Amino acid sequence: MPPPKTFLSTLGLMQRPYLTLCLAMMFWAGNVVIGRHAAGVFPPMALSYLRWLFAFLTILPFAWSDLKADWPIIRRHFGLVLVLSVTGVATFNTLGYWSLQYTTALNGLLLQSSGPLYVALFALVLFNVRLTWGQALGIAISLIGVLTIILQGDFSALLRIEFNKGDIGYTVALFIFGLYSAVAARRPPMKPLALIAASFGIGSLFILPLFILEMWSGRVTPINAHTIPILIYVSIFPSTLSYMFYNRGVELIGANRAAPFLHLIPVFGSVMAIGFLGETLHLYHMVGYALVFAGVVLAARKPKTT
């Protein structure tokens with residue numbers, strides 16, 4: 001008897017890797033904006049722990065049957081599930097929230113544009129998966145597009161940028177996410193809900209001691225009408241949905257072809273700023289968007305077999 005279809009699979013969404021990857025990047029762009037805003041409201045360990053705890057509790061009722069069915073697979077591949085949980089959930093996000101307290105949005109977006117390079121590095125070192133010329137060219141073109149948007153067409157601004165400890169932390173976080181992305185392509189043969197539920201639960205346990213230490217130091221987490229909507233957003237969209245969509249995209253087309261989609265995060269971020277914050281659309285936006293989309297399309301193409 002075939003397993004019951006979920007709402008997303010009924011729509012055919014989970015068979016469309018380009019769409020799922022675009023949605024994941026859009027939600028993660030919102031997370032960067034929210035994370036920078038929440039830096040003045042939430043202590044970083046509190047935001048990270050509560051995000052993953054609420055995400056785990058939200059998805060658990062839907063994933064319970066899949067977790068029970070896949071429990072033998074989880075035990076057999078626990079080391080791999082642990083790596084995915086520690087890198088993609090606990091370390092990357094916690095270090096990212098901490099770094100956003102000290103770095104600027106400009107620096108964060110600049111550093112984020114290096115994400116595909118770390119994915120390619122780990123795919124090569126761990127699994128001997130090399131970038132094709134098309135993928136390398138696509139990453140380069142989309143990177144130029146990202147820089148065009150962030151620097152507002154003035155590339156000399158790169159010489160005036162100053163980096164601090166937040167930038168170092170954010171770079172390390174992206175480096176770790178590169179490891180997660182490469183390993184996610186070799187994920188255990190588990191149902192998607194079972195995998196992300198296990199990752200969220202294990203990842204939140206690793207963040208818990210840091211959360212306790214933060215509270216012990218006197219940094220109290222406010223729970224009020226301002227912080228609850230933030231928790232709801234980060235628990236559902238950039239957590240449950242984004243990781244489900246990203247993992248599925250990597251599963252279908254591979255880590256190297258999925259990685260250039262990370263360059264869409266600053267694109268979506270700038271679109272949000274224009275749409276919701278009233279910023280003005282300029283020519284450099286249009287040029288940058290065109291370069292990013294052209295590069296992503298080129299890099300995501302299926303390479304010819306030899």
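Counting from 1, the numbers follow the sequence of the chain as shown. The structure displayed is predicted, hence computed values, not measured ones.
Taking 4.5 Å as the limit, every side-chain heavy atom of Pro209 sits out of range of all side-chain heavy atoms of Glu214. The side-chain heavy atoms of Leu13 and Leu23, taken from C-beta on, include a pair separated by under 4.5 Å. Counting heavy atoms from C-beta on, the side chains of Phe78 and Ile202 come closer than 4.5 Å.
Shown here is Phe155, whose CZ atom has more than 12 heavy atoms of other residues, nucleotides or ligands within 6.0 Å. At most 12 non-hydrogen atoms from other residues, nucleotides or ligands lie less than 6.0 angstrom from CZ of Arg130. The 12-atom threshold is exceeded at OH of Tyr18, counting heavy atoms of other residues, nucleotides or ligands nearer than 6.0 Å.
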| Stepwise side chain to side chain contact (heavy atoms under 4.5 Å, CB included) test for Leu264 and Phe261 | CA-CA 5 Å; Leu264 292 178; Phe261 282 82; 3.7 Å; yes
| request: Quick one: do Arg51 and Asn93 satisfy side-chain hydrogen bond (donor to acceptor under 3.5 Å, both in side chains)? Show the steps, please. | output: CA-CA 10 Å; Arg51 168 188 176 180; Asn93 291 278; 2.9 Å; yes
| task | Check the pair Met25 / Tyr246 against side chain to side chain contact (heavy atoms under 4.5 Å, CB included), numbers first and verdict last. | result | CA-CA 8 Å; Met25 302 309 135; Tyr246 184 72; 3.6 Å; yes
| request: Would you check, one step at a time, whether the test ring pair (Phe, Tyr, Trp, His ring centres under 6.0 Å) holds for Trp52 with Tyr243? | output: CA-CA 12 Å; Trp52 294 113; Tyr243 274 78; 5.4 Å; yes
| Stepwise, does the side-chain hydrogen bond (donor to acceptor under 3.5 Å, both in side chains) test hold for Gln135 with Arg301? | CA-CA 8 Å; Gln135 290 168 352; Arg301 291 175 58 188; over 6 Å; no
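If you look at Phe177 and Trp28, their ring centroids are closer than 6.0 Å. Less than 6.0 angstrom separates the ring centroid of Tyr49 from the ring centroid of Phe211.
In this model, no donor atom of one side chain and acceptor atom of the other lie less than 3.5 Å apart for Tyr289 and Thr148. Side-chain contact of Thr91 with Tyr180: a donor-acceptor pair under 3.5 Å is absent, judged by distance alone.
The hydrophobic cluster containing Val271 also contains Ile150, counting ILVMFWY residues as joined when their side-chain heavy atoms lie under 4.5 angstrom apart, directly or transitively. Cluster annotation: Leu174 and Leu147 are assigned to the same hydrophobic cluster (Ile/Leu/Val/Met/Phe/Trp/Tyr, side-chain heavy-atom contacts under 4.5 Å, transitive). Using a 4.5 Å cut-off between side-chain heavy atoms of Ile, Leu, Val, Met, Phe, Trp and Tyr, with links allowed through other members, Leu47 and Trp216 fall into different hydrophobic clusters.
No side-chain donor-acceptor contact under 3.5 Å links Arg248 to the backbone of Glu251. A donor-acceptor pair under 3.5 Å is formed between the side chain of Ser242 and the backbone N or O of Ala24. Listed for the Asn247 side chain is no donor-acceptor partner under 3.5 Å among the backbone atoms of Met244.
For the pairing with Phe175, the ring-ring contact (aromatic ring centres under 6.0 Å, His included) check across Phe92, Tyr118, Tyr170 returns one residue only, Tyr118.
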Side-chain donor-acceptor distances from residues 119-127 under 3.5 Å, at least two apart:
none

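Classification of the Tyr102-Trp98 ring pair by plane angle, with boundaries at 30° and 60°, yields tilted.
Classification of Arg160 and Asp154 as a salt-bridged pair holds, one side-chain N sitting under 4.0 Å from a carboxylate O.
Atom CG of Leu262 is separated from atom OG of Ser181 by 6.0 Å, given to the nearest 0.5 angstrom.
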